[in-house]
Amino acid sequence: MDFDLTDAQRDARQALRALLKRECPIEYVRECDEAERFPTELFAKLAAAGWLGLPIPEAYGGSGGTCFDLTLFLEELAGHFEAAANIYYTTIVIAADALTHFGSEQQKRSLLPRLARGELRFAFSLSEPGSGSDAASLRTRAVAEDDGWLINGQKMFCSCAQVADYILLMARTDTEAPKHDGITMFLLDPKTKGVERRRLKKLGLKPMDLNEIFLGDVRIPKDAVIGQVNRGWRNVLKTLDYERCCLSAVNVGAAQSTLDKAISYTAQREQFGQKIAQFQLTKAKLADMQMEIDAARLLLYRSAFLVDKGIPNPKESAMANLFSSETYVRAALNGMRLMGGWGYLMEYDMQRHFRDSKLAEIGGGTSEILRIVIARELGR
Ligand SMILES: Cc1cc2nc3c(=O)[nH]c(=O)nc-3n(C[C@H](O)[C@H](O)[C@H](O)COP(=O)(O)OP(=O)(O)OC[C@H]3O[C@@H](n4cnc5c(N)ncnc54)[C@H](O)[C@@H]3O)c2cc1C
């Protein structure tokens, strides 16, 4: 494994850092968080600089970045603005991935270039009120009609559905087949008659909206299927390692940013006549935090390396995802601890990490489910 950055990767990272420093100052992050609003301006700048096309093949208007390229990008973006990195993953990466691997030529040609230019946003809707970890037991039903599909059901926890032009909707198309075999992925315009979105209030990641979706007699065209009918679960499984790398990259970037804030705070806060960074207990905490973040980063880079080699790595990607998410939550807890009462104030940024970090242990599979995946790969 060679984790040395190429000159192109180094230059790209420098350019991204400069863009984020200019377009995404901490005041902007705070403003989007407080107003619970989509960072439209930042995404326009990222689009103009070509960053939205990173996970999209060159043939369809993107720059065809590797998994490692995307990892470096998300780590950097999350270091500045974690919610923006989560939004990037949800509105761009999942769709780019699904369309590239399973979309028809017509879908790729009509959607991917617009996605790369920032003209389209997607959401992904798998979870339902009755199916979360056991996602394949979903019950939203799509029935084939002469000229299309009729959809009825209810979805839960759909991120970015308020800002999405399309939702990648997972629905059951065969009730007789084993649960994993009767699911299809659809392209749903959320403005279609019969679709109702309700925004949910939540703890953190405020700029990324979260929704419940009601589907009552929704009619969509026949060609709204992505991939094969009844084979939608394969769309989800095929790129799981890649997607876990993306989520881990967000965790690592955000955890490092948490630690950096703790370092600068403890370097200026004085108690008992000295900087609190001078206390050995503080030093030990900071050292442990950096060690864990570096370990998470190495797990992540190993998994990205394997993905780019085309080597399936469910165990390694699940380890990267699990360890990075728990590392981030611990970093946020320690950051709060190191700031005493000040960390509890909304005017400091640590509370945002404290609130935002928790989703890392839920969203891409809970810690329990990821441990089950790892143990399964160990033959347990
Ligand atoms: C902010 C946010 C954004 C989200 N965005 C999206 C999105 O865009 N699209 C989407 O489809 N979904 C999304 N989700 C849903 C997310 O994927 C689910 O919340 C997650 O998969 C867990 O499902 P659940 O919440 O129903 O919990 P449950 O599955 O009900 O789990 C509850 C508890 O039981 C444990 N548990 C479950 N099964 C087992 C087992 N076999 N062994 C041991 N313990 C077990 C879990 O680990 C957990 O601790 C989002 C969720 C949140 C909170």
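Whatever order the structure lists ligands and atoms in, that order sets their numbers, starting from 1.
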Item to check | Salt bridge R330-E292, side-chain N to carboxylate O under 4.0 Å | outcome: yes
Checklist entry - Under 3.5 Å, side chain of S248 to main-chain N/O of N321, donor-acceptor pair present? => result yes
Could you list, one pair per line, each nitrogen or oxygen of ligand 1 together with any protein nitrogen or oxygen closer than 3.5 Å, giving atom names and the distance rounded to 0.1 Å?
| unit_1 | atom_1 | unit_2 | atom_2 | d |
| --- | --- | --- | --- | --- |
| ligand 1 | 5 (N) | F157 | O | 3.3 |
| ligand 1 | 5 (N) | S159 | OG | 2.8 |
| ligand 1 | 8 (O) | F124 | O | 3.4 |
| ligand 1 | 8 (O) | S159 | N | 3.0 |
| ligand 1 | 8 (O) | S159 | OG | 3.3 |
| ligand 1 | 9 (N) | F124 | O | 2.8 |
| ligand 1 | 9 (N) | F157 | O | 3.2 |
| ligand 1 | 11 (O) | L126 | N | 2.8 |
| ligand 1 | 11 (O) | S127 | N | 2.9 |
| ligand 1 | 11 (O) | S127 | OG | 3.2 |
| ligand 1 | 12 (N) | S127 | OG | 2.8 |
| ligand 1 | 12 (N) | F157 | O | 3.2 |
| ligand 1 | 17 (O) | G363 | O | 3.2 |
| ligand 1 | 23 (O) | S133 | N | 3.4 |
| ligand 1 | 29 (O) | S133 | N | 2.9 |
| ligand 1 | 29 (O) | S133 | OG | 2.6 |
| ligand 1 | 47 (O) | T366 | OG1 | 2.6 |
| ligand 1 | 47 (O) | E368 | OE1 | 2.7 |
| ligand 1 | 49 (O) | E368 | OE1 | 3.4 |

Next on the checklist: Tell me whether the rings of F73 and Y88 are parallel (<30°), tilted (30 to 60°) or perpendicular (>60°).
Outcome noted: tilted
Next on the checklist: Please identify which of these residues, E377, E326, E361, meets the salt bridge (charged side-chain N to carboxylate O under 4.0 Å, His left out) condition with R371.
Outcome noted: E326
Next on the checklist: Assess the residue pair D33 and R355 against the criterion (salt bridge (charged side-chain N to carboxylate O under 4.0 Å, His left out)); give the C-alpha distance rounded to whole Å, side-chain angles, the decisive distance to 0.1 Å, and a yes or no.
Outcome noted: CA-CA 11 Å; D33 184 63; R355 291 184 288 109; 2.9 Å; yes
Checklist entry - Going by an N to O cut-off under 4.0 Å, is there a salt bridge joining R297 and E75? => result yes
